[in-house]
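Notes follow once the structure below has been shown.
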Amino acid sequence: MIPGARAASAREPTVALIAHDRKKGAIVALAREFEPLLRRCRLLATGTTGSLVAHEVGLAVECMLSGPMGGDLQIGARLSAGEVDLVVFLRDPMTPQPHEPDINALVRACDVHDIPCATNESSARMLLRSLERDSEGAADS
């Protein structure tokens, strides 16, 4: 099981998807790559990211507000309430973000609540592969 992830045997795992503007294509590509897994998950996302994933990949996504309008904080609130099992937040480290305090608060909430958080494509693939293995093992038992 992914360290920190809550046992999802009673429910499907909840995955939050967030991507800065220059990383939107990468999150859509990840969603395509892991589409079979993500179809078995409950997906939350910030507004534009969620709309893109829903439109481009055909996944059901509960969209929050866009990040700068408070979507990061909405996901952080859900996470703090125990409703998020894994966060994929593809950040653009080369572009200043006007809502940087909200971004830092979300990443901090992941640390406080011991929720796995991938902030780049490599770590996202590792976490999603781990979740995939966990879900396959749960299906076998």
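Computed over heavy atoms, backbone and side chain alike; hydrogens, waters and symmetry mates excluded.
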Exercise. Show your working on side chain to side chain contact (heavy atoms under 4.5 Å, CB included) between Gln97 and Arg91 and close with a plain yes or no.
Key: CA-CA 10 Å; Gln97 302 296 324; Arg91 302 189 316 166; over 6 Å; no
Within this structure, what is the [atom1]-[atom2] distance for the pair [X] and [Y], rounded to the nearest 0.5 Å?
{"X": "His99", "Y": "Asn104", "atom1": "NE2", "atom2": "CG", "value": "10.0 Å"}
{"X": "Ile27", "Y": "Thr49", "atom1": "CD1", "atom2": "OG1", "value": "6.0 Å"}
{"X": "Arg129", "Y": "Glu33", "atom1": "CZ", "atom2": "CD", "value": "6.0 Å"}
{"X": "Leu73", "Y": "Leu79", "atom1": "CG", "atom2": "CG", "value": "12.0 Å"}
{"X": "Leu37", "Y": "Leu59", "atom1": "CG", "atom2": "CG", "value": "10.0 Å"}
{"X": "Ile103", "Y": "Thr119", "atom1": "CD1", "atom2": "OG1", "value": "11.5 Å"}

Closest non-hydrogen atom pair between [X] and [Y], with its separation:
{"X": "Met64", "Y": "Ile75", "value": "CG-CG1, 3.8 Å"}
{"X": "Val61", "Y": "Leu44", "value": "CG1-C, 4.3 Å"}
{"X": "Cys63", "Y": "Gly47", "value": "SG-O, 4.0 Å"}
{"X": "Val57", "Y": "Glu35", "value": "O-OE2, 3.8 Å"}
{"X": "Val87", "Y": "Cys110", "value": "CG2-SG, 3.7 Å"}
{"X": "Ala124", "Y": "Leu90", "value": "CB-CD2, 4.4 Å"}

Exercise. Determine which pairs satisfy salt bridge (charged side-chain N to carboxylate O under 4.0 Å, His left out) with at least one residue from residues 54-73, sequence neighbours left out, and list them in order.
Key: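 Pairs touching residues 54-73 that pass the test: Arg32-Glu56, Arg42-Glu62, Glu62-Arg78.
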Self-check item: Ser130 and Leu86, any side-chain heavy atoms less than 4.5 Å apart
Solution: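 No, too far: nothing below the 4.5 Å cut-off.
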Exercise. Check for a donor-acceptor pair, side chain of Asp85 on one end and backbone N or O of Val15 on the other, with a separation under 3.5 Å.
Key: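 Answer holds: no.
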Exercise. Verify, without hydrogens or angle tests, whether Glu83 (side chain) and Thr14 (backbone) share a donor-acceptor contact under 3.5 angstrom.
Key: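 Answer holds: no.
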Exercise. Tell me whether Val28 is reachable from Leu38 by hopping between hydrophobic residues (I, L, V, M, F, W, Y) whose side-chain heavy atoms are closer than 4.5 Å.
Key: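 Per the 4.5 Å side-chain linkage, Leu38 and Val28 are co-clustered.
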Exercise. Kindly check if the number of other-residue, nucleotide or ligand heavy atoms within 6.0 Å of CZ (Arg108) is above 12?
Key: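 Atom CZ in Arg108 is not crowded, with 12 or fewer foreign heavy atoms closer than 6.0 Å.
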